[in-house]
Amino acid sequence: MDLITAENLSKSYHTGAIITWALKTVSFSIPSGAFVSFVGPSGSGKTTLLNLVGCLDKPSSGRLLVAGMEVGSLDSTDAALFRGKHIGFIFQSFNLIPVLTVFENVEYPLVMVQNVPATERRQRVNELLEAVGMNEHSRKRPDQLSGGQKQRVAIARALVTRPELVLADEPTANLDHETAMTIIRLMKAIRDKLRTTFVFSTHDARIIDEVESVFRLDDGSLKNNGGGLRHG
Ligand SMILES: Nc1ncnc2c1ncn2[C@@H]1O[C@H](COP(=O)(O)OP(=O)(O)OP(=O)(O)O)[C@@H](O)[C@H]1O
Ligand SMILES: [Mg+2]
């Protein structure tokens, strides 16, 4: 089953009298459990696309279905609820909360978004810290961690609400090559285990070998249809 379907999706930004078409009638579908990347040069529309799928912004035209919901028509309150229920986010700059420990950072979405009792929170956080190899660092604060360690924590945080979909906009951009590969492989191993769908963006060509299928964006247009998707 497809988790994400876009049909003739377009997005324009208006800055004064200037209109930029960041996405131009893009169509694609991504099956549940996929591990895919959008690739393209700077300005090609990767962030714009992930922001639409993540219900952080609305399409100008076209259709976008995520987990069976027509997300383009959600108002901001419903979009926030939808995100909290279905989507986890991983960011290029990690976005951990500096005053919270590793444990508390991962626990945070469960406290804020979902009303999960403390015992279950502890169990879920510990499980995920174990899965990303960070259980020994649970009492540290983000400034005591390396970049790769921060991104491991961010992956655990993205998964703690058990979302169907994790979106990551250039999750390895601030990491050296070796760490970047480790992080991508970790995300893939988690996908294999939990069947969480991972959609991310990169302009690092070396990462592409690790990805099941690649959608190429160029100046707002899709250059292929992600051919060879092996999951569904
Ligand atoms: N808020 C905005 N207002 C106006 N134009 C925007 C806005 N956000 C993006 N754009 C424009 O839309 C186009 C696509 O931008 P986008 O950020 O999606 O590209 P990207 O592929 O993520 O680039 P990068 O690799 O540099 O992150 C660019 O031309 C950009 O200048
Ligand atoms: Mg971007």
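For ligands, and for the atoms within them, numbers begin at 1 and follow the listed sequence. As the structure is a computational prediction, the values presented were derived from the model and not from experiment.
Close contacts between ligand 1 and T15 involve ligand atoms 4 (C) [criterion: under 4.0 Å to a heavy atom]. Less than 4.0 angstrom separates some heavy atom of H203 from each of these atoms of ligand 1: 25 (O).
With a heavy-atom cut-off of 4.0 Å, S201 does not touch ligand 1 at all.
Within the 4.5 Å cutoff, the side chain of H86 has no heavy atoms near those of the V66 side chain. At least one side-chain heavy atom of N126 sits under 4.5 Å from a side-chain heavy atom of F103. Here the side chains of Y108 and V125 are not in contact, with every heavy-atom distance at 4.5 Å or above. Annotation: side chain of V153 is not in contact with side chain of V132 (no heavy-atom distance under 4.5 Å). Residues I90 and F200 have side chains not in contact (no heavy-atom distance under 4.5 Å, counting atoms from C-beta outward). D2 is not listed as a side-chain neighbour of I30, based on a closest heavy-atom distance of 4.5 Å or more. Side-chain contact check for L165 versus V53: some heavy-atom pair is nearer than 4.5 Å.
Protein heavy atom closest to atom 27 (O) of ligand 1, with residue, atom name and distance, is E170 OE2, 3.7 Å. Atom 4 (C) of ligand 1 has as its closest protein heavy atom Y13 CB, 3.2 Å. The shortest contact between atom 25 (O) of ligand 1 and any protein heavy atom is with K46 NZ, 2.7 Å. Protein heavy atom in closest approach to atom 30 (C) of ligand 1: T20 CG2, 4.8 Å. Atom 15 (O) of ligand 1 has as its closest protein heavy atom T48 OG1, 3.8 Å.
For ligand 1, the polar-atom distance check against T47 finds a nitrogen or oxygen pair separated by under 3.5 Å.
Taking every heavy atom of both residues into account, G147 and L175 meet most closely at C-CD2, 3.4 Å.
For E130, the CD atom sits in a loose shell: 12 or fewer heavy atoms of surrounding residues, nucleotides or ligands are nearer than 6.0 Å. Shown here is E136, whose CD atom has no more than 12 heavy atoms of other residues, nucleotides or ligands within 6.0 Å.
Around the Mg ion (ligand 2), the protein N, O or S atoms closer than 2.8 Å are T47 OG1, listed by chain and residue number.
Look at P41 and you'll find a heavy atom under 4.0 Å from some atom of ligand 1. Contact between G40 and ligand 1 is absent, with no heavy atom of the residue lying under 4.0 Å from the ligand.
In the candidate list S42, G43, A22, G43 is nearest to atom 28 (C) of ligand 1, counting heavy atoms.
Of the candidates V211, I207, D204, V211 is the only one forming a side-chain contact (heavy atoms from CB on, under 4.5 Å) with S37.
A tilted orientation is assigned to the rings of F215 and F28, their planes being inclined by 30° to 60°.
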